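Written out below as structure tokens is the structure these notes cover.
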Amino acid sequence: MHEGTWTLSDCPPAGQAELVRTLGISELTAAVLLRRGYSDPAVARRFLDGEQPPHDPFLLGDMKAACAHIRAAVEQGRRICVHGDYDVDGISATALAVLLLREFGAEVVWHLPSRFDEGYGVRSETLARLADDGCGLVLTVDCGITAVAEVAEAKERGLDVIVTDHHRPAETLPDCPIVATRPSVYPFPELCGTGVVYKLGQALFGVDSEVPRRHLDLVALATIADVVPLVDENRSFAIAGLRALARTGKPGLRALMQSASVDPAAADAGAVGFRLAPRLNAAGRLGHPREALELLLTEDEAEARRLADSLEELNRERQAVEGRILREAVAQVEEWPPERRARRAYAVAGADWHEGVIGIVASRLVERYHRPVVLIAGTDGDWKGSGRSIPTFDLHAALGACAGLLGRWGGHRAAAGLSIAEENVEAFADAFAEQAAAVLAEEDLEPLTSIDAIVTRGADLSLDLCAELARLAPFGLGNPAPTLLAPGCGLAELATVGDGKHLRFRIRREGRDGGSAIAFGQGSRLDVLRPEALYDVAFRLEENHWNGTVAPQLVVRRIFAAAPRYRELHAWLTAEWKKPEAARDAAARAIFTELGVVEGGPRRDLLESRRFRELLAAEPPLAAAA
């Protein structure tokens, strides 16, 4: 495993002390908040308090016009069709829209496209069929923002259309009311598709109405599963929605949690993202998403159990198919010649791969090779691709630059989908790699672990601190679980558990015990790590419930070789700072300037930063002086 390196941003001591004093929290938690931008005590307090007042739904796109069209359709008795998508967000958005429109008095039907027959988005053929079937209004959810021609054709047939979406628009927008995060003056443009529908519900029923609020379980499910930033309004949705999920009255959600072995009272973002969402997604990945939607909508307990059991079987099948494709994709990359392996973005294709799981496998390859990946599956007609990216690379923009080689394509900065003719696959792989080479530096391909706080010697890694850090939950994109770093540690009692898969040990600092640690999936490093060496251990502090006891545990993310001769360097820098200006080494003076050393000596957190290590390596005079 290539551990890469770690980085630590500045943390002003005065601001840290103010948060500690004002909020009554530990220095570690204050450091985490500061590094995440919560320097104002009032703003930090609101973040810790959790759910906040909602934004005005009428700031979201053409909300007023959309509500008027829906009211008119209901008053005129016209049937409304909700057109969704086949992932968790699209399925949840469809369910939410159907439930809200029913309560609003509408006659509602729904349409979910098949990944294999229709593909992503709104198709003219579908809208034509809905018009012929007597629908008067189509409400798109989690799709439609780029369906310019399709909406125009639908209007010619007399079909009214409202688009609700959260994806990136093209230069031209559909000619209809659009309720979307972009373009919009809405203060928080990071809602998922289901979040947008929830805001439509607030606009229809009133912000304080209990009608949309009783469906926050669906909003939390989609918000977490669609990996949108869990800050601002999404944080409120997730917090309130997880509470609603714990006491949900929906038979389908209860049956889903039972089949996934999720305790409703303990359901958190991890349970949603890793246990509930994959089962709902399995329907659209291997078959048709209707079973997942029917599960969310059913009011029959027996039907809910039957559908949940069916999704469980599909999920097991999905895992098997995914595992096979992952092995084959890795084998293909490992067989490439060195010059192709050195590319800064990969496009990998297989003629017999299942298009329903290639997005998941692309994510696994990104984790393994730490570069953007597009995985392409052979299908009848155009082949289908799904891409995932790294933080420093805009996948959507890169596909735009390669659009001449693609059929349909779209998505986000971090994830996107496409269709492509088989004969264009190799040319696309070359062009995609060229886009990455123009944007990414070699260091962008190095795994980089962001540290939220340094654990000072003597810090109390207690259950109280676990509880305090848990106030920052729910965790996900934009608000990850805090990563702490214990620098210069010895690793004692090294052993493997779980049939050799995982590594267990205790950390020691200056002869004192620092706590029990578990490194999942790192059992193979047992023979590499040396008890006499020092390491920087990046971890997340969590409660460990075992055998009737609860204790703090360090859940290790990365183990880095400690900075060379750290203590000697720190002592030398401290002494060097005290010398008269004229006597200081020029290299040391440059380092002092860049690290922002202030009167009183070098700051410990800056000396433990990635930038200090870079300067150390680049300045032989400093290393020699130490």
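Side chains included, hydrogens not; waters and symmetry mates left out as well; all remaining heavy atoms used. In this text the structure is predicted, and so the values were computed from the model without any measurement. In this chain, numbering begins with 1 at the start of the sequence shown.
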Sole candidate of Arg290, Arg285, Arg115, His288 that passes side-chain contact (heavy atoms from CB on, under 4.5 Å) when paired with Tyr86: Arg115
Between Ile376 and Val348, does a side chain to side chain contact (heavy atoms under 4.5 Å, CB included) hold up when you go through it step by step? CA-CA 6 Å; Ile376 301 172; Val348 193; over 6 Å; no
Contact between Ile239 and Pro474 at the side-chain level, heavy atoms closer than 4.5 Å - yes or no? yes
Minimum heavy-atom distance between Ala345 and Phe432, given as atom pair plus value: CB-CE2, 3.6 Å
Start with the C-alpha distance between Arg213 and Glu51, add both sets of side-chain angles, then the distance that settles salt bridge (charged side-chain N to carboxylate O under 4.0 Å, His left out), and finish with yes or no. CA-CA 13 Å; Arg213 283 193 65 84; Glu51 191 177 357; 3.2 Å; yes
Below 4.5 Å, heavy atoms only, C-beta onward: do Asp165 and Thr146 meet side chain to side chain? no
Step-by-step side chain to side chain donor-acceptor pair (under 3.5 Å) determination, Glu150 to Ser124: CA-CA 5 Å; Glu150 293 82 355; Ser124 295; 4.7 Å; no
Taking Ala282's backbone N and O only, do any of them form a donor-acceptor pair with Asn315's side chain (distance below 3.5 Å, no angle check)? no
Does the side chain of Glu291 come under 3.5 Å of the side chain of Ser310 through a donor N or O and an acceptor N or O? yes
Would you call Asp309 and Arg305 a salt bridge, taking side-chain N to carboxylate O under 4.0 Å as the test? no
So, Glu303 and Arg306, do they make that salt bridge, N to O below 4.0 Å? yes
If we ignore hydrogens and angles and just use 3.5 Å, is the side chain of Asp263 paired with the main-chain N or O of Ala265 as donor and acceptor? yes
Quick check against the 3.5 Å criterion: does Arg279 have a side-chain atom that pairs as donor or acceptor with the backbone of Leu256? no
Give me the atom names and distance for the closest heavy-atom approach of Thr194 to Ala222. OG1-CB, 3.1 Å
Would you say Leu276 and Leu280 make side-chain contact, with heavy atoms under 4.5 Å? no
Tell me, do Glu107 and Val74 make a side-chain contact under 4.5 Å, heavy atoms counted? no
Using 0.5 Å steps for rounding, measure from the CD atom of Glu210 to the CZ atom of Phe205. 12.5 Å
What's the separation between atom SG in Cys176 and atom CG in Leu137, rounded to the nearest 0.5 Å? 10.0 Å
With no hydrogens and no angle check, is any side-chain donor or acceptor of Lys199 less than 3.5 Å from a backbone partner on Phe58? no
Donor-acceptor under 3.5 Å (Thr140 side chain, Thr164 main chain): yes
Could you go through the salt bridge (charged side-chain N to carboxylate O under 4.0 Å, His left out) check for Arg157 and Asp132 one step at a time? CA-CA 9 Å; Arg157 286 178 168 270; Asp132 292 343; 3.3 Å; yes
Hey, does the side chain of Arg214 reach the backbone of Thr248 with a donor-acceptor pair shorter than 3.5 angstrom? no
Begin from the C-alpha positions of Tyr186 and His166 and carry the test ring-ring contact (aromatic ring centres under 6.0 Å, His included) through to its verdict. CA-CA 12 Å; Tyr186 197 69; His166 73 122; over 10 Å; no
Over 60° means perpendicular and under 30° means parallel, so tell me whether His55 and Phe188 are parallel, tilted or perpendicular. tilted
Can we say Arg364 and Glu322 salt-bridge, meaning some charged N sits less than 4.0 Å from an Asp/Glu carboxylate O? yes
Using modelled atom types and a 3.5 Å cut-off, is there a donor and acceptor pairing between side-chain atoms of Asn281 and backbone atoms of Val88? yes
Please step through side chain to side chain contact (heavy atoms under 4.5 Å, CB included) for the pair Val357 and Arg324, ending with a clear verdict. CA-CA 11 Å; Val357 302; Arg324 176 183 66 83; over 6 Å; no
By the definition side-chain contact (heavy atoms from CB on, under 4.5 Å), identify the one residue from Leu221, Leu296, Leu295 that meets it with Ile91. Leu296
Show me the donor-acceptor pairs, under 3.5 Å and distance only, between side chains in residues 393-410 and residues at least two apart or in other chains.
residue	atom	partner	partner atom	Å
Asp394	OD1	His396	N	3.2
Asp394	OD1	Ala397	N	3.0
Asp394	OD2	Arg168	NH2	3.3
His396	ND1	Arg168	NH1	3.3
Arg408	NH2	Tyr120	O	2.5

Which pair of non-hydrogen atoms, one from Pro169 and one from Ile145, has the smallest distance, and what is that distance? CB-CG1, 3.6 Å
Test Asp452 against every option in Arg540, Arg35, Arg36 by the salt bridge (Lys or Arg N to Asp or Glu O under 4.0 Å) rule and name the one that passes. Arg36
Does some side-chain heavy atom of Leu245 sit less than 4.5 Å from a side-chain heavy atom of Val272? yes
Arg123 with Glu118: basic N within carboxylate O range, under 4.0 Å: no
Closest heavy-atom contact between Ala267 and Leu242? O-CD2, 3.9 Å
For a 4.5 angstrom cut-off between non-hydrogen side-chain atoms, does Phe428 reach Val374? yes
Go through the steps to decide whether Glu190 and Arg182 satisfy the test side chain to side chain contact (heavy atoms under 4.5 Å, CB included), and finish with yes or no. CA-CA 9 Å; Glu190 302 298 337; Arg182 301 174 183 85; 3.0 Å; yes
Do any N or O atoms from the side chain of Asp142 and from the backbone of Gly84 form a donor-acceptor pair under 3.5 angstrom? no
Determine which pairs satisfy ring pair (Phe, Tyr, Trp, His ring centres under 6.0 Å) with at least one residue from residues 206-248, sequence neighbours left out, and list them in order. Tyr198-Phe237
Without swapping roles, check the side chain of Asn479 against the backbone of Leu472 for a donor-acceptor pair under 3.5 Å. yes
Met63 and Val179: which non-hydrogen atoms are nearest, and at how many Å? CE-CG1, 3.6 Å
Just how far is it from atom OG of Ser184 to atom CG of Leu60, taken to the nearest 0.5 Å? 5.0 Å
For Cys135 and Leu159, which heavy atoms make the closest approach, and how far apart are they? O-CD1, 3.2 Å
Between Val196 and Leu200, is the side chain to side chain contact (heavy atoms under 4.5 Å, CB included) condition met? List the steps. CA-CA 6 Å; Val196 173; Leu200 175 63; 6.0 Å; no
Between the side chains of Glu312 and Arg316, is the shortest nitrogen-to-carboxylate-oxygen separation below 4.0 Å, so that they form an ion pair? yes
In the structure I gave you, are the side-chain heavy atoms of Leu99 and Leu218 within less than 4.5 Å of one another anywhere? yes
Checking Glu355 against Thr379: is there a side-chain donor and acceptor pair closer than 3.5 Å? no
Phe104 versus Arg71: any side-chain heavy-atom pair under 4.5 Å? yes
Roughly how far, to the nearest 0.5 Å, is CD1 of Ile325 from CD1 of Ile360? 9.5 Å
Could you tell me if His354 and Arg318 have a donor-acceptor pair between their side chains, going purely by distance under 3.5 Å? no
When rounded to the nearest 0.5 angstrom, what distance separates CD in Glu233 from OG1 in Thr223? 9.5 Å
